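Reviewing the structure listed below.
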Amino acid sequence: MTISFDFKHDVFLGYFSNNNGTTTNSFVNHLYGGLVNKGINTFIKEYGEIKACIEEIENSRMSIVVLCENFASSTSCLDELVKITQYIDNKSRNVAAIFYKVEPSDIRKQKHSYEVAMAEHEKIYGKESEMIKTWRNALTRVCDLSGVHCKDDVYESELIEKIVKDTFTKVAPAPVQMKHIVGLDTRFEDVKSVLDIESNDTVRVMGIYGAGGIGKTTFAAYLYDKIRHLFEASAFLLHVREESNKGIKGLEDLQKILLSQLGEDIGTMVGSTFKGSVEIKRRLGKRRVLLVLDDIDDKGNLNLLVGARDWFGSGSRIIITTRDETLLDSHDVEINKYKMEVLTYRDSLELFCWNAFDNNRPAENFEYMSNRAANYANRIPLALCVIGSNLKGKSIEEWESELGKYKKVPHADIQGVLEISYYSLSELERKIFLDCACFFKGEKWVYVERILKGCHYSPSLRVFASKCLMTIDENGCLMMHNLIQDMGREVVRKESPLIPGNRSRLWYHKDILQVLEGNSGSRNIEGIMFHPPTHEVVDQWTNTSFEKMKNLKILIVRNATFSTGPSSLPNSLRLLDWMGFPSKSFPPDFYPEKIVDFKLSHSPLILANPLQTFEDLTFMNLSDCLSITQMPDLSGAKNLRVFTIDRCHKLEGFHKSFGLYMSKLVYLSASECTMLKTFVPRMYFPSLEVISFNFCKRLEHFPDVMRKMDKPLKIHMINTGIKEFPESIDKLTGLEYADMSTCERLINLSRGFLLLPKLTTLKVDGCSQLRKSFRRFKESHSIANGCPNIKELCFSKANLSCEDLYMILEILPKLEYLNVSDNGFVSLPECIKGSSQLKSLDISFCRNLMDIPQLPSSIQKVDARYCHSITPKASSMLWSKVCEEKQRIQVVMPKMEIPNWFYCVGSEDIPVFWARRNFPVIALAFEFGEIKENDEIKMDTFTSEIFPGMSSDKSSHFVGLHLFVEGQEISRKDYHYCIVGEHHVLMCDLRTLFNDEEWQGLDASFGDEWKKIQVQFESQLIINHWRVYVYKQKTKDDDIQFSFPYSTDYVPIPSPNLVPKKSLNQKIKHIQSLDLVEAFGQYLNTFRSKQSATVANELLRWCRYTRGGPPSACVYEASLMQEHEDSVWNAALILEMLMRNVVNHISETKVQSAVHLVVELLTTRAQHVKEKGHEVLNINMSMPIILEECECHRFIGSSSQFGSSPTVLTLQQKKTQMGRQREAPSRHYWGSVELKEGDTLVWRIRKGKESMRGSVSNIVVLLKCQHCSLVKASSSSNVESLEEDYKDPEVEDLLKRIEKDAMRLNKSQGKLKACIIQMDVTVCNRYLMEMAIIRGQEILGRFGSNFKKTPYGKLRVDINGKSSNITMQHELEGESQDTNSNQNQMIWVKSLLRWIGRS
């Protein structure tokens, strides 16, 4: 049965019409008038109309047929009756019959006038015709309705009034005004299967839940209008929560309204809610009804209205809207839940525009401001409607003003709706919510929970999640909608609108500065988070400001430098997170005995005295405290769980008690403490899971282990001075992972160490002296007595021989992953075939390797990059793994000819084939050449973008493979990247791209129809050839074709351009997989000893640490934001070092060191997203704004540089000036346009870019003098004008605003014209470094004084005709640099800008 959900009319009124003015016509006229006056959209045909109005019946929610004495004489009336009676049978419409002065029995039996009329029809059509039978059946069927009988003794006016009332109950619109339906059609499709309208077998209940203002009521009303015609009766109870709050009287009224709307007489009802419940069940128990209950917040009220399924007839549907998900779970009736989500960005903009402009798109010149307003509303329908209506008819200037107000104080109507959920919380829950809204959004929930428990709260996330106030994302982070956060903060602001010091919580940096500078704090303040958007220097504050804050529990200070330390701090503190705490010691009376978290990184603290007793202290972070020389007795913090003291470069040792009294310690990191010589002589940490001493180069001894430690443990000791481990190491029975890479002095791993029962991962890269350990173990230990459980061994760069490999393979039979890359052995031992569990073998850069014996049948991955000496026999053995049809095989090796038994050789184009029935199991072989010249199709991997021109015999490149079926990319959980060298081959089973579950789903999606399959690869390498091998045991020959399988007369639809999609989580996982040391470390090492050694060393440290560092402390309930701030702090330090080093002179070495700032930015982000997985990487679109000086400005500028008169120029100066006049236009970095990913401008700009070459990173806004912009653009290959592609009102509006602001802020530049262009190099060479450093500082929020924030981004300010920013140019006079050197500089710096520009 097909059900219609859209109608033109509420009622179709069918009757026998003539032009005689009969009483029937009079009755129908009055009935029609009554229906219309009641607001019911009614269709009635014209008098004398003889054609049946079948289409109008189909387009009506309900049909009313008036049967009179002469009704059967009209064939059109009979045809209409046939159509109407069809709805009686399938119950897809409401139907009502009125017997006007005619007996129903006469109609049923066709007597009297009906008998005469039918006899006349039989004469024309034949007595046995199908038409006559159908008409007679319809006349009989309509009498089955309990219709209205209008006799001669009935008052027609009263009867009409009753008919109109009954009809209204069936077709009355929902009591919710819906002017503009936006985004609800797709939601309707989502819930159709849940409601299952066509089923009559049971009563179904659906609950729509979501935050306030998100559109639950509107959607319920939309559903009500769509489906109410399918039920005998329907009712919509609006504002149940408000009505029920009126007490018993309110609930009784709701019950009466429910029955009344469903057409029940309520005159005899007894006044009690119990009686009302009984009546609902008694009267509706046999009726198929639709009931909507809006805004239910109490289970008891729900039980009084919908107590059980048997209260309603079979096929009934109940729809409930609520803010509280738990209410739906706790009801006795099973309720199908539907969560109301925010609108899509496109729908939200449309809804806003309907309210602001009465149109579905912005008015002219309002495009940009409309996007700003819609972004503020953040896709919440209520906010979009309220803000749109409020801005309607106002000027752009008024819009600017109003939107500025909203950011400070939310609109009262929006606030009022959102606050309802807040006030439904208990008093304690409200405190928790306000803390989260003011301080903890985006933090790990386990961290937030720990802090709040320390404040004596007992947070339960379920309470807040059920009311849609807060959620936990897939990475365990606390999330809430921006408007929900604003609502909470507004609740706090209203505590004391004019005096911030009297509020309970402070988060706005200007309010906090006002309190600190004016010493206006109070006992009311419970929490402070001072985190200005750009780095703030606070030197005018009163250091006694905290004395009045007796109840302060949370104090967070980040991105700020205080000139002096506080003279006092409240002892009520539970969290002290002050990065850069400005004192060497704590205030004398400071003893916060209930504190749970100390974070004081980058502070000048000394810690000369033992720590006091802090029973509740669980976390301490003293990283980068460069004044600490000895760690004192910390036994007073016996419940300490996480202790981080990284990069304390003067730390020499720990108090010996530390190793004995920390029974709760889970995480200890003292990495990069370069002066640390000893840790503790003895240790017993029964709870320890992570210990890290990475890069503690002077640390030579590992403590004696006092007792068995069986907790799962990871040890990180990269690049330490350790020589050997004590015999007691065998007590670390929980040790699972040990990384001692580059510990060059490590000479021995004892038998007890290797036999630790849980040790599965051992990394000893670069530990060449350990070779003898494996020999000694082999000689002294019998495998019969057990063998090590090591499954992963990394032993690269250790000068291993074939004999060493033999020993390793013999004593480690359980190996699954073996990395022996960059070693000098000539062959692999024959015994490797016996390593029956080995899956992955990395022998890359083993340049002497010639022979590879038969590998075990378990092998799946072989990395033989740059093994240029391997013999044809060895390569044939690797190729043979495909012949053997090994599952998930992947091999990379130097260029070898692909065997002929691979099918379908291809070149250049991507692999394409057709398959049916099952997804084919195949292996692909790619032969790669050199790097593409002028490559514009960049992989979205950072290494390939950072070093596009770098070529060495050790350079590797990422190759990404993406699968498309019928032009649509097949989604997968993770990226799959292969690392390949130039002139290498890659052999890959397609199954490696997917996990088992994904592959099974892919296989199941194929049927008998042929489907086109394409494999897209992304890489900077040129692909020379590719071939395919079909696994014969898995795929039949007749189910795969490499040419078009259909007949030649069938023209296939060409596939669109295949653009791989990449999720942010996939990008993050790829960042974490990069071997940064391999990619960058060697280049940093090449110039560490030169002038920029400080910068290079800092970058190299980050490069190594990020790759080999311990797990994030966030895993153990530390603050995610504080970890990120640590990373930003270090990145900022490097930028400052660059600023100091390069202002006066730029050499090639320093340009190179600046380029490696990219490494720092990359690793900073990698650290930040290890656990979070979102929001940290800026995925928004950023377009640089570039100012191009016109000729007159450049001449004036160059003249003023050398003097006012050109006659005084030296010969060298004249040559320099002439050279500059001949070079490319002088372009400066002048700001940026920052667009959110959901902003329609992003879509419009990208749409305009479709015809261009290159990536979005090459698009800039160019500012030129107006007269220069009229000159025809240069035809140079590195600039492409996009003006024709961007004839879009919204984009043009943005450009006009940029022009206006640029001219206002930069008086010396004259009249400017803005356009969007594409260029390879955004600024001229001599300003490259300037742009790099400025952009880096912008990213870190540390560069704002010389830029003016604008609604669309930021613009540079020109003071007195000269930019106040630093200008770094080459010292051309007297500087001798050859062409190659200059080109090399440009490669490095352009690479830097390409990456930073994308950040």
Side-chain angles (χ1 to χ4, degrees), residues 428 431-436 438-461 476-478 504-505 525-531 546 549-558 566 569-579 581 586-587 590-601 603 605 607 610-623 625 634-645 658 661-669 685 687-690 1112-1123 1125-1126:
L428 185 60
K431 285 179 174 288
I432 294 170
F433 172 75
L434 294 181
D435 279 342
C436 292
C438 294
F439 307 131
F440 297 128
K441 178 184 173 182
E443 281 282 12
K444 285 280 188 179
W445 172 248
V446 289
Y447 163 74
V448 177
E449 189 176 34
R450 181 174 59 82
I451 298 300
L452 294 178
K453 284 181 178 177
C455 297
H456 299 300
Y457 301 152
S458 298
S460 171
L461 181 69
C477 295
L478 175 68
S504 61
R505 294 158 182 85
I525 300 176
E526 297 178 17
I528 292 176
M529 183 175 70
F530 183 60
H531 193 165
F546 291 106
M549 305 179 195
K550 302 296 185 183
N551 292 316
L552 186 67
K553 295 182 176 66
I554 296 170
L555 177 58
I556 301 170
V557 180
R558 297 173 184 150
L569 284 171
N571 288 326
S572 56
L573 280 173
R574 302 314 197 262
L575 168 63
L576 177 57
D577 180 353
W578 191 327
M579 182 177 291
F581 182 74
F586 294 119
F590 181 55
Y591 179 34
E593 57 181 333
K594 297 295 182 182
I595 195 146
V596 297
D597 208 317
F598 267 128
K599 298 189 187 77
L600 299 164
S601 60
S603 302
L605 281 172
L607 292 184
L611 202 64
Q612 295 169 291
T613 302
F614 293 108
E615 294 284 346
D616 297 325
L617 182 62
T618 55
F619 276 64
M620 282 185 69
N621 185 342
L622 299 174
S623 297
C625 291
L634 301 180
S635 57
K638 62 182 181 181
N639 291 314
L640 193 66
R641 295 188 68 245
V642 174
F643 185 39
T644 306
I645 190 168
F658 185 85
Y661 298 105
M662 298 294 168
S663 62
K664 303 291 181 64
L665 191 67
V666 174
Y667 181 97
L668 170 63
S669 182
F685 301 122
S687 302
L688 192 65
E689 295 180 20
V690 174
S1112 166
C1114 296
V1115 177
Y1116 301 95
E1117 303 175 12
S1119 166
L1120 187 67
M1121 300 305 175
Q1122 201 255 352
E1123 181 178 279
E1125 284 303 309
D1126 277 335

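Keep in mind that this is a model prediction, so the values were computed, not measured. Side chains included, hydrogens not; waters and symmetry mates left out as well; all remaining heavy atoms used.
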- Task: Name all residues meeting the side chain to side chain contact (heavy atoms under 4.5 Å, CB included) criterion together with S504; count only those two or more places apart in sequence or in a different chain, and write none if there are none.
- Result: V492, E495
- Any residue meeting side chain to side chain donor-acceptor pair (under 3.5 Å) with S572, in chain and number order, not counting sequence neighbours: none
- Query: Are L617 and N639 side-chain neighbours, meaning at least one heavy-atom pair lies under 4.5 Å?
  - Reply: no
- Message: Using 0.5 Å steps for rounding, measure from the CG atom of L634 to the CE atom of M662.
- Response: 5.0 Å
- Task: Applying side chain to side chain donor-acceptor pair (under 3.5 Å), name anything that partners S460, two or more places apart in sequence or on another chain.
- Result: none
- Task: Could you check if a side-chain atom of K453 sits within less than 4.5 angstrom of a side-chain atom of P459, using non-hydrogen atoms only?
- Result: yes
- Message: R450: which residues meet the salt bridge (Lys or Arg N to Asp or Glu O under 4.0 Å) condition with it, sequence neighbours left out?
- Response: D597, E1117
- side chain to side chain contact (heavy atoms under 4.5 Å, CB included) involving N551 - partner list, sequence neighbours excluded: R523
- Message: I need the minimum non-hydrogen distance between L569 and P587, along with the two atoms involved.
- Response: N-CG, 4.0 Å
- Polar side-chain atom of S603 near backbone of F581 as donor-acceptor pair, under 3.5 Å: yes
- Item | Test item: C436 and L478 side chains (from C-beta on) under 4.5 Å apart, heavy atoms | yes
- Taking every heavy atom of I595 against every heavy atom of L575, the minimum-distance pair comes out as CG1-N, 4.4 Å
- Between CG of L640 and OG of S635, what distance do you get to the nearest 0.5 Å? 11.5 Å
- Between CZ on residue F546 and CG on residue L552, distance to nearest 0.5 Å: 7.0 Å
- Note on the structure: Residues E443 and V448: closest non-hydrogen pair is CB-CG2, 3.7 Å
- Item | Partner residues of K638 under the side chain to side chain contact (heavy atoms under 4.5 Å, CB included) criterion, sequence neighbours left out | E615
- Can you list the steps and then say if E526 with K431 is a salt bridge (Lys or Arg N to Asp or Glu O under 4.0 Å)? CA-CA 10 Å; E526 297 178 17; K431 285 179 174 288; 3.4 Å; yes
- Sub-4.5 Å side-chain heavy-atom contact between M620 and L611: yes
- Item | Beyond-backbone contact of I554 with F439, side-chain heavy atoms, under 4.5 angstrom | yes
- Item | Side chain to side chain, M549 and I525, heavy atoms closer than 4.5 Å | yes
- Working for side chain to side chain contact (heavy atoms under 4.5 Å, CB included), residues F440 and I451: CA-CA 10 Å; F440 297 128; I451 298 300; 4.0 Å; yes
- Query: Residues two or more places apart in sequence or in another chain: which of them pass side chain to side chain contact (heavy atoms under 4.5 Å, CB included) with Q612?
  - Reply: Y591, F614
- Item | pair Y667-T644: side-chain heavy atoms closer than 4.5 Å | yes
- Identify, with sequence neighbours excluded, every residue that meets side chain to side chain donor-acceptor pair (under 3.5 Å) alongside R558. D577, S1119
- Query: Between F658 and F685, how do the two ring planes meet: parallel, tilted or perpendicular, split at 30° and 60°?
  - Reply: perpendicular
- Taking atom CD of E449 and atom NZ of K444, what is their separation to the nearest 0.5 Å? 13.0 Å
- Gap between atom CE of M579 and atom OG of S623 - 0.5 Å precision: 9.5 Å
- Item | Partners passing side chain to side chain donor-acceptor pair (under 3.5 Å) against D435 (at least two apart in sequence or in another chain) | R505
- Taking the side chain as every heavy atom from C-beta outward, state whether F643 and L622 have any atom pair closer than 4.5 Å. yes
- Item | Gap separating the NZ atom of K664 from the OG atom of S687, nearest 0.5 angstrom | 7.5 Å
- Item | Set of ring pair (Phe, Tyr, Trp, His ring centres under 6.0 Å) partners for F590, sequence neighbours left out | F586
- With sequence neighbours left out, what residues match Y661 under ring pair (Phe, Tyr, Trp, His ring centres under 6.0 Å)? none
- Message: Closer than 3.5 angstrom, by distance alone: can the side chain of T613 be matched with the main-chain N or O of G636 as a donor-acceptor pair?
- Response: no
- Minimum-distance pair of heavy atoms, taken over all atoms of M529 and C438: CE-O, 3.5 Å
- Item | For F619, ring pair (Phe, Tyr, Trp, His ring centres under 6.0 Å) partners two or more places apart | none
